[in-house]
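As the structure is a prediction and not an experimental result, all values here were calculated from the model.
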Amino acid sequence: MTELLNAAQRASLLDDMIHGRCPDAQGRFGPFGGRYVPETLVHAHERLTAGVQRWLSDPEYQAELNEQLTNWVGRPTALTFAPRLSERWGAELWLKREDLAHTGAHKINNAMGQALLARRLGARRIVAETGAGQHGVATAAACARLGLPCTVYMGAVDMERQAPNVGRMRLLGANVVGVTSGDRTLRAAIDEAMRDWVGDPDGTFYILGSAVGAHPYPYLVRELQAVIGREARAQFQQRCGALPDLVIACVGGGSNAIGLFHPFVGDRTVQILGIEAGGTGPGLGQNAATLVGGRPGVLHGCQTLLLQDEHGQIQETHSVSAGLDYPGVGPEHAALLACGRVRYESASDDEALAALKECCEFEGILPAIETAHALAGAKRWAQANPGKRMLLGLSGRGDKDMPTLSQTLIKQLDAVKS
Ligand SMILES: *Cc1c(COP(=O)(O)O)cnc(C)c1O
């Protein structure tokens, strides 16, 4: 996507990204980001932007967030050296363990941060969207903790595919509403949550689950997830006395990746690599590798890269991991690609499942299938960079993926046995 910008524009965007000047006041990361929303949504976004400016760096808000992250979420999460995979793959592998955070993934960092912000802004109820259900579960848990009523919009197709998470959300007190419009998956659920929010932007707060959407969401989510990278950078330096050679994470909407990457963007000796869902192949509709195969466009209020056909129709995506199955990506990743600071590659369904199995067998950790894409990317990078040190964002645990694993890896184990 480097052809999007000429050499001078690339250099200037790189300088802005490295020195923390993005997003600008309009929410732009170079040519990406911004706020492309209908008139009905402008007031709600402006009110939220003012709230973010007022509270995000407020010492009392920060202290309240820290207290919840420490005593309820379980932060800081561990940094784990992976000795057996390091030996197999030929480069040192260090895991930042977001699977150990409450509710089993990084999503809780953002959900709790936004729920606390909602309370400061006087919200009486919360709405959220969810695809695979992980963000819905994290939001329902944060709302239960703070005593806020919570409605989660979820595509009817996803409700069927992810039935256990629907039950979890309901146990946590959320009202789960099935969305039967549009594609009946995540895209339609986001539209429906937005519609609910604009009906009452003063009393309702919309907790968006990834670093996507209109300004200020990509910025807000990055700031709340950057705790991952800040902790990991300090832990890594303390344990190794140096910075890693590579920082790597999986990219769906991009929240766990931007959270890990952000504190390393200015470290010129550190390579950064994002891994997208390569699905079953490179054709349109076969994958969700937006940065690898996408073109510029607007989705959910933001200029970014999108998987679309030659007429600009957004494409259906495929991935074995529901959490990476989204045709867009956060604008900050599009900018990090365009300026050349971060490289993005994809890992296929099969590569991810193979890496997941290795992580189970050799490290005693069952990662989420989303996370397994990053492991597959790390394995590939290690082979080309023997002896170097990798820091990998282990975004979540794989217990939620047992239905999919039963149909794939575990079937293969059974076949070998019989
Ligand atoms: C939701 C999810 C992802 C993908 O979302 P990002 O916003 O790209 O981080 C990755 N890993 C896990 C475990 C998830 O639950």
Side-chain angles (χ1 to χ4, degrees), residues 52 55-82 94-120 126 128 134-146 148 168 172 207-211 219-240 243-244 247-250 252-265 323 363 365-368 370-371 374 391-400:
V52 168
W55 289 112
L56 204 61
S57 53
D58 176 79
E60 269 178 47
Y61 168 84
Q62 283 290 331
E64 193 178 18
L65 176 58
N66 263 328
E67 201 275 326
Q68 296 290 353
L69 291 179
T70 305
N71 297 313
W72 184 70
V73 172
R75 304 207 72 87
T77 56
L79 178 69
T80 302
F81 179 56
W94 295 77
L95 307 171
K96 180 57 177 167
R97 300 287 306 280
E98 293 303 294
D99 60 318
L100 299 178
H102 182 45
T103 65
H106 66 286
K107 293 215 168 64
I108 196 74
N109 305 324
N110 172 54
M112 179 48 92
Q114 288 198 42
L116 287 171
L117 184 62
R119 209 163 62 173
R120 297 259 167 186
I126 299 296
Q134 292 303 106
H135 173 58
V137 167
T139 302
C143 288
R145 173 82 175 164
L146 301 184
L148 286 164
R168 277 172 90 193
L172 291 162
I207 299 187
L208 184 55
S210 191
Y219 165 73
L220 173 60
V221 176
R222 177 193 85 192
E223 290 297 298
L224 292 172
Q225 293 293 5
V227 65
I228 303 171
R230 283 197 305 272
E231 284 177 10
R233 194 172 182 283
Q235 288 168 317
F236 197 96
Q237 278 190 304
Q238 209 227 335
R239 302 270 289 279
C240 298
L243 290 173
V247 174
I248 183 168
C250 67
S255 69
N256 89 89
I258 204 66
L260 180 66
F261 295 172
H262 186 64
F264 292 97
V265 166
E363 297 298 340
I365 297 169
L366 168 56
E370 291 85 356
T371 313
L391 168 62
L392 182 142
L394 205 132
S395 56
R397 67 179 184 226
D399 307 54
K400 68 177 177 64

Output for pair (Asn71 CG, His102 NE2), nearest 0.5 Å, gives 13.0 Å

Between the CG atom in Leu172 and the CZ atom in Arg145, the distance rounded to the nearest 0.5 Å is 13.0 Å

### Message
Using only atom types and a distance under 3.5 Å, with no angle test, would you say the side chain of Arg239 pairs donor to acceptor with the backbone of Leu79?
### Response
yes

With a 3.5 Å cut-off and no angle check, do the side chains of Thr70 and Arg75 form a donor-acceptor pair? no

* Assess whether side chain to side chain contact (heavy atoms under 4.5 Å, CB included) is satisfied between Gln134 and Arg168, documenting all intermediate values. => CA-CA 10 Å; Gln134 292 303 106; Arg168 277 172 90 193; 3.8 Å; yes

Note: Asn109 and Leu224 closest approach over all heavy atoms is CB-O, 3.9 Å

Review point. Donor-acceptor pair, Gln114 side chain versus Gly209 backbone, under 3.5 Å?
Key: no

Original post:
Any donor-acceptor pair under 3.5 Å linking the side chain of Tyr61 with the backbone of Gly113?
Top reply: yes

Closest heavy-atom pair, Leu260 versus Ala249, reported as atoms and distance to 0.1 Å, is CD2-CB, 4.2 Å

Worksheet item: Is there a donor-acceptor pair closer than 3.5 Å between any side-chain N or O of Gln235 and the backbone N or O of Ala78?
Response: no

Margin query: Given 3.5 Å as the limit, does a donor-acceptor pair link the side chain of Thr103 with the main chain of Ile108, or not?
Written below: no

Smallest heavy-atom separation, Asn256 atom then Cys250 atom, equals ND2-O, 3.1 Å

Scanning both residues in full, the closest heavy-atom pair of Asp99 with Ile365 reads OD2-CG2, 4.0 Å

Quiz item: Considering only heavy atoms from C-beta outward, does the side chain of Gln225 approach that of Val221 to under 4.5 Å?
Solution: yes

message = Can a donor-acceptor pair be found, under 3.5 Å and without considering hydrogens, that links the side chain of Thr371 to the backbone of Pro367?
response = no

Keeping the roles fixed (side chain from His135, backbone from Ile207), state whether a donor-acceptor pair exists under 3.5 Å. yes

Q. Taking the side chain as C-beta and beyond, is there a heavy-atom pair between Leu116 and Leu146 under 4.5 Å?
A. yes

Exercise for the section: Report yes if some heavy atom in the side chain of Glu60 is under 4.5 Å from a heavy atom in the side chain of Arg120; otherwise report no. Expected result: yes

Looking only at heavy atoms, the pair that brings Leu117 and Trp55 closest together is CD1-CB, 3.6 Å

dist Phe261:CZ -> Ile228:CD1 (nearest 0.5 Å) comes out at 10.5 Å

Could you tell me whether Arg397 and Glu98 have a side-chain N and a carboxylate O separated by less than 4.0 Å? no

Side-chain (Glu370) to main-chain (Ser395) donor-acceptor, under 3.5 angstrom
no

| Does the side chain of Arg233 reach to within under 4.5 Å of the side chain of Leu243, using non-hydrogen atoms? | yes

So CG of Leu208 and CG of Asn110: to nearest 0.5 Å the spacing works out to 7.5 Å

Rounded to the nearest 0.5 angstrom, the CG-CZ distance for Leu392 and Arg97 is 11.5 Å

inquiry  = Below 30° counts as parallel, above 60° as perpendicular, anything between as tilted: where do the rings of Trp94 and Phe236 land?
reply    = perpendicular

For Ser210 and Ser255 the tightest heavy-atom approach is OG-N, 3.5 Å

- Given side chains that start at C-beta, do those of Thr77 and Glu231 come closer than 4.5 Å, heavy atoms only? yes

